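Quantities reported herein were computed from a predicted structural model and do not represent experimental measurements.
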Amino acid sequence: MKIEIFELERRQSLWENIVDYNLTESGFHPYTLNELLNEKQIEQLRDVRIGYGQTNGSIELRTAISELYPGANLDNVSVTNGSAESNFLSIWSILEPGDELLLMLPNYMQIWGIARSFEVNVKPFHLKEELNWQPDLDELKSLVSDKTKMIAVCNPNNPTGSILTKKAMEEIIGIANEANSWILSDEVYRGAEISGIETPSFYGLYDKVIAVGGLSKAYSLPGLRMGWLVSTEEVAEKAWSYKDYTTIATGALDQQIAYWVLSSDLRLQILDRNRKMLKENLVVLTEWLDSLKSLFSFIPPQAAAIAFLKYHFDMNSTKLTTKLRDEKSLLIIAGDCFGMDGYLRIGIGSEKEYLIEGLKLFQEGLEEIIE
Ligand SMILES: Cc1ncc(COP(=O)(O)O)c(C=O)c1O
């Protein structure tokens with residue numbers, strides 16, 4: 001079975017630890033263990049037995065996760081290695097070759113690549129800039145057929161940082177209901193809203209929902225590799241049985257830390273810290289963009305540690321980002337990675353000073369690259 005290159009991840013994997021400035025990170029500045037935990041917890045980690053444990057997630061952790069989703073209990077939850085594994089298991093366990101998947105674009109392109117490799121017919125519907133990055137629902141309606149088995153959304157969205165309106169969510173549910181299709185909702189950015197109002201999950205609003213979450217983005221703990229899916233008991237169990245073939249279990253230490261994060265005040269403290277960073281960094285970015293006059297335009301993100309910039313000069317986005325990488329040691333994601341040349345995705349979840357320095361370098365590069 002062939003799979004196309006996951007351009008976004010590949011470019012990051014190859015370069016993010018080599019360049020001087022990495023503005024591709026789509027989450028917030030990660031914590032160290034010392035910053036995250038108190039001394040008692042660090043001491044307790046020494047006694048955690050490093051076995052396989054309960055392979056779909058410990059009872060305590062699944063209970064803590066289920067409490068974030070009204071109406072769910074621990075049997076609705078499967079814990080996975082990052083939200084990436086939840087996305088993978090959802091596609092693998094639900095879709096068959098020839099099924100149709102209606103996929104929101106732009107998007108983190110993992111679901112796109114996996115589904116296509118499984119010979120699923122992926123039909124994109126689009127978030128439109130002129131609609132403030134809300135979906136074109138007429139387009140979505142026009143794509144539905146009797147083969148439609150799933151509608152996949154990313155909410156809040158990577159790369160635009162937009163959040164579906166209540167009305168758009170209701171309409172998507174209506175369309176899914178009529179087609180008797182699943183909704184796969186990648187909600188890994190839930191909790192990273194500038195407004196402080198947590199985006200509602202699709203879980204609980206319709207029967208056939210798989211809601212995917214994790215600690216990598218809004219919670220700034222990507223190295224824990226902690227993700228989960230919340231769905232019907234049957235789907236949670238099926239995904240678990242498929243997971244027997246992928247990674248069996250998640251790390252025992254990671255699960256313990258995730259449990260502390262999700263079951264205490266720490267959860268809100270982390271979200272609060274990140275929201276403050278996002279607000280401050282958005283000001284830095286906006287002032288910087290203003291100083292460049294008409295080189296860029298953007299619709300500010302409502303959530304997520306990223307901004308999706310449209311540039312108004314003539315150069316291919318991969319060429320531009322390759323030049324910035326090679327000549328300035330600065331890494332930025334090209335719109336090409338989302339099938340949207342003419343745009344750049346820039347990470348704004350780093351420490352403020354780092355962002356300021358990165359933007360300085362970006363400006364220097366722009367002055368040299370565009371005549
Ligand atoms: C929307 C979205 N979903 C899933 C992932 C995978 O993240 P992880 O497996 O670290 O949770 C990412 C990573 O960038 C993402 O942006």
Novice: Counting only heavy atoms from other residues, nucleotides and ligands, does the tally under 6.0 Å from CD1 of Ile59 exceed 12?
Specialist: no

Novice: What heavy-atom pair brings Pro124 and Glu139 nearest, and what distance separates the two atoms?
Specialist: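 Answer, listing the atom of Pro124 first, then Glu139: O-OE2, 3.8 Å.
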
Novice: If you draw a 6.0 Å radius around CD in Glu119, do more than 12 non-hydrogen atoms from other residues or ligands fall strictly inside?
Specialist: no

Novice: State yes or no: do Phe313 and Leu330 share one hydrophobic cluster built from I, L, V, M, F, W and Y residues joined by side-chain heavy-atom distances below 4.5 Å, directly or via other members?
Specialist: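 Cluster IDs for Phe313 and Leu330 match.
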
Novice: Look at the side chain of Ser145 and the backbone N and O of Lys147, then say whether any donor-acceptor pair between them is shorter than 3.5 Å.
Specialist: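 Yes, Ser145 side chain to Lys147 backbone: donor-acceptor pair under 3.5 Å.
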
Novice: Mind checking what makes ring pair (Phe, Tyr, Trp, His ring centres under 6.0 Å) contact with Tyr206, not counting sequence neighbours?
Specialist: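 Here no residue qualifies.
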
Novice: Kindly determine whether Ser26 and Lys217 satisfy side-chain hydrogen bond (donor to acceptor under 3.5 Å, both in side chains), including the steps that lead there.
Specialist: CA-CA 7 Å; Ser26 65; Lys217 305 298 172 187; 2.9 Å; yes

Novice: Can you tell me how the ring of Tyr343 sits relative to the ring of Phe308, calling it parallel under 30°, perpendicular over 60° and tilted otherwise?
Specialist: parallel

Novice: Whether the side chain of Thr246 engages the backbone of Lys243 through a donor-acceptor N/O pair (distance < 3.5 Å, no angle test) should be reported.
Specialist: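 Yes; judged by distance alone, with no hydrogens or angles, the pair exists.
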
Novice: Is any side-chain heavy atom of Leu355 less than 4.5 Å from a side-chain heavy atom of Trp288?
Specialist: no

Novice: Run the side-chain contact (heavy atoms from CB on, under 4.5 Å) test on Trp15 and Thr321 for me, step by step, so that the C-alpha distance in whole Å, both residues' side-chain angles and the decisive distance to 0.1 Å come before the verdict.
Specialist: CA-CA 12 Å; Trp15 295 99; Thr321 51; over 6 Å; no

Novice: Is there side-chain contact between Pro106 and Leu127, with heavy atoms separated by less than 4.5 Å?
Specialist: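 A side-chain contact exists here, since the closest heavy-atom pair is under 4.5 Å.
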
Novice: Output yes when a side-chain donor or acceptor of Asn81 lies under 3.5 Å from a complementary backbone atom of Ala249, and no otherwise.
Specialist: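 Between the backbone of Ala249 and the side chain of Asn81 there is a qualifying donor-acceptor contact (under 3.5 Å).
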
Novice: Can you pull out every ring pair (Phe, Tyr, Trp, His ring centres under 6.0 Å) where at least one residue sits in residues 230-249? Sequence neighbours excluded, please.
Specialist: Trp92-Tyr242

Novice: Hey, what else clusters with Val188 if you join Ile, Leu, Val, Met, Phe, Trp, Tyr whenever side-chain heavy atoms sit under 4.5 Å?
Specialist: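 Traced through the cluster, Val188 reaches Tyr189, Ile306.
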
Novice: Determine whether Arg267 and Tyr219 make a side-chain contact, defined as any pair of heavy atoms from C-beta on separated by less than 4.5 Å.
Specialist: yes

Novice: Can you confirm whether Glu130 is buried at CD, in the sense that more than 12 heavy atoms of other residues, nucleotides or ligands lie under 6.0 Å from that atom?
Specialist: yes

Novice: Please step through side-chain hydrogen bond (donor to acceptor under 3.5 Å, both in side chains) for the pair Glu193 and Thr199, ending with a clear verdict.
Specialist: CA-CA 7 Å; Glu193 299 81 6; Thr199 308; 2.6 Å; yes

Novice: Which heavy atom of Ser231 sits nearest to which heavy atom of Val209, and what is that distance?
Specialist: OG-O, 2.8 Å

Novice: Is Glu198 atom CD crowded by more than 12 heavy atoms from other residues, nucleotides or ligands, each under 6.0 Å away?
Specialist: yes

Novice: Would you check if Leu229 and Ser90 make a side-chain contact, meaning some heavy-atom pair closer than 4.5 Å?
Specialist: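 Yes. Closest side-chain heavy atoms under 4.5 Å.
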
Novice: Ignoring hydrogens, what is the shortest heavy-atom contact between Tyr203 and Pro70? Give both atom names and the distance.
Specialist: CE2-O, 3.9 Å

Novice: With distance as the sole test, does Gln110 use its side chain to make a donor-acceptor pair with the main-chain N or O of Asn87 at under 3.5 Å?
Specialist: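 Such a contact is absent between Gln110 side chain and Asn87 backbone.
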
Novice: Taking it one step at a time, do Arg11 and Glu7 satisfy salt bridge (Lys or Arg N to Asp or Glu O under 4.0 Å)?
Specialist: CA-CA 6 Å; Arg11 292 183 195 189; Glu7 280 293 339; 3.0 Å; yes

Novice: Run Met226 and Leu61 through side-chain contact (heavy atoms from CB on, under 4.5 Å) and show every step you take.
Specialist: CA-CA 11 Å; Met226 266 295 137; Leu61 179 56; 4.1 Å; yes

Novice: Backbone N or O of Leu131 within a donor-acceptor pair of the Gln134 side chain at under 3.5 Å?
Specialist: no

Novice: When you check the gap from the basic side-chain N to the acidic O, do Lys276 and Glu280 get nearer than 4.0 Å?
Specialist: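 No.
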
Novice: Tell me every residue that passes side chain to side chain donor-acceptor pair (under 3.5 Å) with Glu25, counting only those two or more places apart in sequence or in another chain.
Specialist: none

Novice: Judged by atom type as modelled, is there a donor-acceptor pair below 3.5 Å linking the side chain of Arg345 to the main-chain atoms of Thr24?
Specialist: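 Such a contact is found between Arg345 side chain and Thr24 backbone.
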
Novice: Closer than 3.5 angstrom, by distance alone: can the side chain of Glu351 be matched with the main-chain N or O of His29 as a donor-acceptor pair?
Specialist: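 No, Glu351 side chain to His29 backbone: no donor-acceptor pair under 3.5 Å.
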
Novice: Would one find more than 12 heavy atoms of other residues, nucleotides or ligands at under 6.0 Å from atom CG of Asp326?
Specialist: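 Yes - once you tally the heavy atoms of other residues, nucleotides and ligands closer than 6.0 Å, there are more than 12.
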
Novice: Got Tyr31 and Val261 here, is their nearest side-chain heavy-atom distance under 4.5 Å?
Specialist: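 Answer no - side chains too far apart.
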
Novice: Show the numbers, then the answer: is there a side-chain contact (heavy atoms from CB on, under 4.5 Å) between Thr160 and Ile299?
Specialist: CA-CA 8 Å; Thr160 64; Ile299 295 174; over 6 Å; no

Novice: Please check if atom CD in Glu327 has more than 12 non-hydrogen atoms from other residues, nucleotides or ligands closer than 6.0 Å.
Specialist: yes

Novice: Under the 3.5 angstrom rule, does the side chain of Lys323 hit a backbone N or O of Ile369 as a donor-acceptor pair?
Specialist: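 No, Lys323 side chain to Ile369 backbone: no donor-acceptor pair under 3.5 Å.
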
Novice: Determine, step by step, whether Leu366 and Leu292 satisfy the side-chain contact (heavy atoms from CB on, under 4.5 Å) criterion, reporting the C-alpha distance in whole Å, the side-chain angles of both residues, the deciding distance to 0.1 Å, and the verdict.
Specialist: CA-CA 10 Å; Leu366 288 170; Leu292 296 177; 4.2 Å; yes

Novice: Quick one, Tyr52 and Ile248 - any side-chain contact, counting heavy atoms below 4.5 Å?
Specialist: yes

Novice: With the side chain counted from C-beta on, respond yes when Val284 and Ile348 share a heavy-atom pair under 4.5 Å apart, and no when they do not.
Specialist: no

Novice: With Phe202, which residues qualify under ring pair (Phe, Tyr, Trp, His ring centres under 6.0 Å), at least two apart?
Specialist: none

Novice: Charged N to carboxylate O below 4.0 Å: is that the case for Glu43 and Lys40?
Specialist: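 So Glu43 does not pair with Lys40 through a salt bridge.
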
Novice: Is the number of heavy atoms from other residues, nucleotides or ligands under 6.0 Å of Lys128 NZ greater than 12?
Specialist: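 More than 12 heavy atoms, drawn from other residues, nucleotides or ligands, come within 6.0 Å of this atom.
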
Novice: Count the heavy atoms of every other residue, nucleotide or ligand shown that sit under 6.0 Å from CG of Asp290, and state whether that count exceeds 12.
Specialist: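 More than 12 within 6.0 Å, yes.
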
Novice: Could you check whether any side-chain heavy atom of Trp182 comes within less than 4.5 Å of a side-chain heavy atom of Val235, counting everything from C-beta outward?
Specialist: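 The answer is yes, as the side chains (C-beta and beyond) meet within the 4.5 Å cut-off.
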
Novice: May I have the step-by-step check of side-chain hydrogen bond (donor to acceptor under 3.5 Å, both in side chains) for Thr80 and Ser86, ending in yes or no?
Specialist: CA-CA 6 Å; Thr80 59; Ser86 280; 2.8 Å; yes

Novice: Would you check, one step at a time, whether the test salt bridge (Lys or Arg N to Asp or Glu O under 4.0 Å) holds for Lys167 with Glu171?
Specialist: CA-CA 6 Å; Lys167 188 162 173 289; Glu171 289 200 35; 3.0 Å; yes

Novice: Give the minimum heavy-atom separation between Ser201 and Ala211, together with the two atoms involved.
Specialist: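 So the minimum-distance heavy-atom pair works out to OG-CB, 3.7 Å.
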
Novice: So does Val212 get a backbone contact from the side chain of Ser83, meaning a donor-acceptor N/O pair under 3.5 Å?
Specialist: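 Pair absent, no side-chain N/O of Ser83 close to backbone of Val212.
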
Novice: If every non-hydrogen atom of Ser329 is compared with every non-hydrogen atom of Leu361, which pair is closest and at what distance?
Specialist: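 So the two residues come closest at O-CD2, 4.4 Å.
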
Novice: Ring pair (Phe, Tyr, Trp, His ring centres under 6.0 Å) with Tyr108: which residues, sequence neighbours excluded?
Specialist: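 Phe6.
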
Novice: Looking at every non-hydrogen atom in both residues, tell me the closest pair between Gln302 and Ile163 and how far apart they are.
Specialist: OE1-N, 2.8 Å

Novice: Verify, without hydrogens or angle tests, whether Asn22 (side chain) and Asn17 (backbone) share a donor-acceptor contact under 3.5 angstrom.
Specialist: no

Novice: Are Ile333 and Leu324 joined in one hydrophobic group, where the rule is that I, L, V, M, F, W and Y side chains link up if heavy atoms are under 4.5 Å apart?
Specialist: no

Novice: Let's go through Glu234 and Lys238 carefully: what are the C-alpha distance in whole Å and the side-chain angles of both, what is the deciding distance for salt bridge (Lys or Arg N to Asp or Glu O under 4.0 Å) to 0.1 Å, and is it a yes or a no?
Specialist: CA-CA 6 Å; Glu234 294 72 31; Lys238 192 170 180 197; over 6 Å; no

